[in-house]
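Quick notes on the structure that follows.
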Amino acid sequence: MSCPLPAGFHALPLPIVQLSLAAVLKCGQSFRWSIFPLSSGTLPPSYPTHEYRLCLRDRLICLRQSPDTLYYKTVLPPRSTHTSSINDGETVKEETLAWIRDYFQLDVDLVYLYSDWSKRDPVFRTFRNRFEGIRMIRQDPWENLVSFICSSNNNISRITKMVTSLCEHFSPPLLSLPPPELYPELLASSLVSPPATPLSEPSLLRSSQQENIPQDDSLWTYHPFPSPAALASSSVASTLRSLGFGYRAEYVQKTAQMLHEAHPPNSKNVDGAEKWLKTLRSMPTDEAREVLLGFMGVGRKVADCVLLMSLDKKEVVPVDTHVYQIAMKHYGVSPSSKTKSKGKIPMTPKIYDQVNTKLAEVWGDYAGWAHSVLFTADLKSFSTYGLDAPEKMPTRSPSELLVGLPTPPMTPSPSPVKTSGKRKKSAVPVQGASGILDREISIDGGLQVDLGLSLAERVKKRRRVSTSR
DNA sequence: GGGTTACCGGGG
DNA sequence: CCCGGTAACC
């Protein structure tokens, strides 16, 4: 009933209602996953349709998903001797599995949450079945912060390009890898069950397709997310400008500088700032928000996104223009006492709090998670199933492919650096990309903010502004 | 002080 | 002209 185990992968039993990679990895939480279609046609229902790849500091994570199983594979850089212990395959596997459990927060029962939200909210009830498996992922705060500084007045497609560009230009490549192998036409075109003798061996797959489909022998090069130190120098701003970051260029560089200066890396601790950001997880929501608001380019909305998506503040509901529209349409939030006759109603801090509070009490403890389901449902790339159900087909862009629909040729999104064969694109050198797997770190006493002048002033200044409520 | 405005750059 | 906003300015 299930498909053969893909070569090199391990299997983790996991119902799709608990996690839908296709939805979660494209709904604008993380912007750094590469997505490869596994077939140019239609596969049997039990087969994974895509491979998803994410470059961590020391390894590449590769995932596939069938209706009842999550498949995972770890790729280490060549001659990697970083893990002081032997590169025991079993150890690597366990580390990656632990990372998966943490990243996808698999201890949280999404099915229970869905039923609770349905109980609380008739609006949620109406579309819950069309959007299963949408959960909050637990991201790295530094990457998350920078990504969402880039998100202001912007769209997912461009944010993805910017984040990709950021990694390619400010972080050395970790490793290169060919794209996943396509399933053979024979299997792909079969609308029924797989052939009696499943072509599961890579060698078979290859030989059967080599005639028809030109084998893509080019390599994809993967870069980890750059450190604060790599983005801290003032020259970075102009480089980012030239890379098309617009006015966000200064925001990113300034924020990196603030963090880098307040928590400089030392021999003992190569990324002090990144670890310090993680300590905000143990801080009360309001305090952590005040800290975030101190960074350049971070307003209420971006701060709330970081709180929810990387600092464990599951109750926080970020309010963007989409959510605002939804709140007015479905949750009885009224625009403003004095309605401007102009068609567009501006988002004010007051409105923000109004929507935020309303949705938080409708959805309860995990309100932020529910918001994510709603937001995903409203995304244009999912709109055929969305809140305003069937009407316009979304304009298909390579980065916004609908799950399960026939997919265009191998054009993963977001794209890592693609190199043909031998030469690799080089990147700005940065301190060693060694280090360990991203994971929970212990809190070392630096909770009191030794933020340095500029940041300290900023925090104070912003605090005055933001305490209206 | 809460409400406007300019702001990079890409896409419809 | 719109956009998953923010900083600066009245």
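Labels below follow one simple rule: chain letters A, B, ... track the order of the sequence lines, proteins then strands, and each chain is numbered from 1.
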Check: Within this structure, what is the CZ-to-C1' distance between A:Phe245 and B:dC7, rounded to whole angstrom?
Finding: 16 Å
Check: Please give, in whole Å, the distance from B:dG10 P to A:Asn154 CG?
Finding: 10 Å
Item checked: Pair A:Asp102 + A:Arg138, salt bridge at N-O below 4.0 Å -> yes
Next item on the list: Would you indicate which nucleotide in C:dG5, B:dG3, C:dA7 comes nearest to any side-chain atom of A:Tyr247?
Entry: C:dG5
Note to self: Testing the 3.5 Å rule here: is there a donor-acceptor pair between the side chains of A:Asn144 and A:Gln29?
What the structure shows: no
Next item on the list: Have a look at A:Val302 and say if it touches a base, only the backbone sugar-phosphate, or nothing, with a 4.0 Å heavy-atom cut-off.
Entry: sugar-phosphate
Notebook entry, point to check: Should the pair A:Tyr247 and A:Tyr251 be assigned to parallel (<30°), tilted (30 to 60°) or perpendicular (>60°) ring geometry?
Noted result: perpendicular
Notebook entry, point to check: Which of these nucleotides, B:dG3, B:dC8, B:dG11, is closest to any side-chain atom of A:Asn153?
Noted result: B:dC8
Notebook entry, point to check: Contact class for A:Gly28 (heavy atom, under 4.0 Å): base, sugar-phosphate, or nothing?
Noted result: base
Item checked: Separation of C:dA7 P from A:Glu250 CD (nearest whole Å) -> 13 Å
Next item on the list: Determine the interatomic distance between P on B:dG1 and the same-named atom on C:dT6; round to the nearest Å.
Entry: 22 Å
Notebook entry, point to check: Can you find an N or O donor on one side and an acceptor on the other, under 3.5 Å apart, linking the side chain of A:Arg158 with the base of B:dC8?
Noted result: yes
Margin query: What is the distance, to the nearest angstrom, from the CD atom on A:Gln354 to the C1' atom on B:dG2?
Written below: 14 Å
Note to self: Less than 4.0 angstrom between a side-chain N/O of A:Lys254 and OP1 or OP2 of C:dT6, yes or no?
What the structure shows: no
Notebook entry, point to check: What is the nucleic acid contact for A:Cys27, judged by heavy atoms within less than 4.0 Å: base, sugar-phosphate only, or nothing?
Noted result: base
Margin query: Tell me the interatomic distance from A:Tyr352, atom OH, to B:dG2, atom P, rounded to whole angstroms.
Written below: 17 Å
Check: Quick check, are the ring centers of A:Phe36 and A:Trp220 under 6.0 angstrom apart?
Finding: yes
Item checked: Under 3.5 Å donor-acceptor pair, A:Tyr251 side-chain atoms to C:dG5 base atoms -> no
Note to self: For Watson-Crick and G-U wobble pairs within 3.5 Å on both distances, what is DNA chain C written in dot-bracket notation, | included for inter-strand pairing?
What the structure shows: |||.||||||
Next item on the list: Would you kindly say whether A:Tyr352 and A:Asp304 are connected by a side-chain donor-acceptor distance under 3.5 Å?
Entry: yes
Notebook entry, point to check: Quantified in whole Å, what is the P atom distance between nucleotide C:dA7 and nucleotide B:dG10?
Noted result: 23 Å
Check: How many Å lie between NZ on A:Lys161 and P on C:dC3, as a whole number?
Finding: 18 Å
Notebook entry, point to check: Which class fits the ring pair A:Tyr114 and A:Phe124: parallel under 30°, tilted 30 to 60°, perpendicular over 60°?
Noted result: perpendicular
Next item on the list: Calculate the interatomic distance between A:Tyr324 atom OH and C:dC3 atom C1'; express it in whole Å.
Entry: 16 Å
Check: For A:Met347 and C:dC3, what is the distance between atoms CE and C1' respectively, to the nearest whole Å?
Finding: 13 Å
Notebook entry, point to check: Is there a side-chain polar atom (N or O) of A:Thr321 under 4.0 Å from OP1 or OP2 of C:dG5?
Noted result: yes
Acceptor/donor pairs from residues 228-239 of chain A side chains to any protein atom, 3.5 angstrom cut, sequence neighbours excluded:
| from | atom 1 | to | atom 2 | distance (Å) |
| --- | --- | --- | --- | --- |
| A:Ser233 | OG | A:Ser235 | OG | 3.0 |
| A:Ser238 | OG | A:Ser235 | O | 2.9 |
| A:Thr239 | OG1 | A:Ser235 | O | 3.2 |

Next item on the list: Give one of base, sugar-phosphate or nothing for A:Arg241, where a contact means two heavy atoms less than 4.0 Å apart.
Entry: sugar-phosphate
Checklist line | Check ion pair A:Asp116-A:Arg120 (N to O, under 4.0 angstrom) | finding: yes
